[in-house]
Structure formats: C-alpha cells, structure tokens
Amino acid sequence: MEEFLHIFSSWLNNQDIIPPEVLITDKLAERQNKTYLMNMPIDITDCYCVRQYNQKVKSLVGKEACVRYIQILVRNKQHKIALAQIEKIYKFMINRPEFIEDINDDWWVIIDCKTGPNKLNEDAQGNYLYSLSFAVTTKS
C-alpha cells in the first residue's frame with residue numbers, strides 16, 4: 001500500500017499538483033507545505049496528506065488489477081489557499097487526457113473521480129481542511 005502511495009504522490013508532485021513528500025531528514029521548518037502519507041501531523045499548518053482507505057481483503061483468486069480508494073487532504077491557515085489547492089487537484093483528476101496513464105515504469109492508473117472536494121471542519125488551531133476522495137484502478 002505505501003509503495004503505491006509513494007509512487008502516486010511522486011507522480012502528482014511531478015505534475016506540479018501537490019508538493020513533494022516530506023523526508024525524515026527535513027527540519028521542522030522544512031516540513032511546511034509538504035505531502036505526508038497516510039497521516040497528517042497535528043503541528044504542521046500548511047500540508048497535504050495522501051492516504052488510502054476502505055481496504056478490502058483480496059480474494060483467493062489472483063487478479064491483475066485492483067481498485068484503491070484514495071483521499072487527499074489539504075490543510076491551510078487561509079481558507080482561500082486551502083480551497084484553491086484542493087480545486088487544483090480536483091481539476092487535474094477530472095481532466096485526464098488518457099483513460100489509462102503510466103505513472104512510472106511499473107505502475108499504471110485509471111482515475112475515477114466522481115465527486116468534488118469536501119470542506120471538513122476546521123482543526124483545533126483554526127486551520128481550514130478540505131478533502132477529495134476518488135477511486136484508482138491499478139495493478140494489484
């Protein structure tokens with residue numbers, strides 16, 4: 001799961017849609033406006049999170065593809081920035097030029113974004129939160 005999230009978020013970063021993934025070597029000040037996988041830290045104001053949800057157990061029959069449910073979260077202290085960031089991601093997801101896209105040498109995706117961004121409640125520090133959830137079909 002984490003391998004796919006890393007590759008998918010790297011692809012989105014290469015498309016200039018989300019910032020690069022945070023590195024363990026990043027100092028606290030360098031962790032702002034970065035992308036986290038699976039969990040969004042509490043103490044970072046401006047950040048993104050790419051995570052997978054709604055995991056299902058694979059069947060006993062081998063398959064060449066699976067559907068992964070992805071959620072991207074955006075947090076920012078300014079509402080207009082958080083909204084602009086999630087709208088940029090949404091427009092990218094719904095305006096794909098190809099049905100199947102190779103995101104690197106080993107992985108391909110079919111993005112099925114059916115709903116728009118959702119505004120979530122502000123966090124404890126008053127930062128604005130938005131999410132975008134969609135299905136991605138890829139190799140299993």
Can you name the nearest heavy-atom pair linking [X] to [Y], along with the distance?
X: K139; Y: D106; answer: NZ-O, 3.3 Å
X: V50; Y: S9; answer: CG2-CB, 4.2 Å
X: D16; Y: K88; answer: O-NZ, 2.7 Å
X: M40; Y: L129; answer: SD-CD2, 4.1 Å
X: C113; Y: L132; answer: SG-CD1, 4.1 Å
X: E101; Y: R96; answer: OE2-NE, 2.7 Å

I86 and side-chain contact (heavy atoms from CB on, under 4.5 Å): which single residue from L73, V74, N76 fits?
V74

Test side-chain contact (heavy atoms from CB on, under 4.5 Å), reference M93, set I17, I70, L12, V136, output is L12

Quick check: is [Y] connected to [X] through a chain of hydrophobic side chains (ILVMFWY, heavy atoms under 4.5 Å apart)?
X: F134; Y: W107; value: yes
X: V67; Y: Y53; value: yes
X: F92; Y: I7; value: yes
X: I103; Y: I94; value: yes
X: Y48; Y: L5; value: yes

Any sub-3.5 Å donor-acceptor pair from [X]'s side-chain atoms to [Y]'s backbone N or O?
X: R75; Y: I44; result: yes
X: R31; Y: I24; result: yes
X: Q71; Y: R51; result: no
X: N13; Y: I18; result: yes
X: S131; Y: I72; result: no
X: N127; Y: D123; result: no
X: K114; Y: A135; result: no

Working to the nearest 0.5 Å, report the span between [atom1] of [X] and [atom2] of [Y].
X: N33; Y: C47; atom1: CG; atom2: SG; result: 9.0 Å
X: H6; Y: L37; atom1: NE2; atom2: CG; result: 8.0 Å
X: E87; Y: K80; atom1: CD; atom2: NZ; result: 15.5 Å

Using the ring pair (Phe, Tyr, Trp, His ring centres under 6.0 Å) criterion, which residues pair with F8? Sequence neighbours excluded.
F4, W11

Min side-chain heavy-atom separation [X]-[Y] under 4.5 Å:
X: E2; Y: M38; answer: no
X: T45; Y: Q125; answer: no
X: K119; Y: Y128; answer: yes

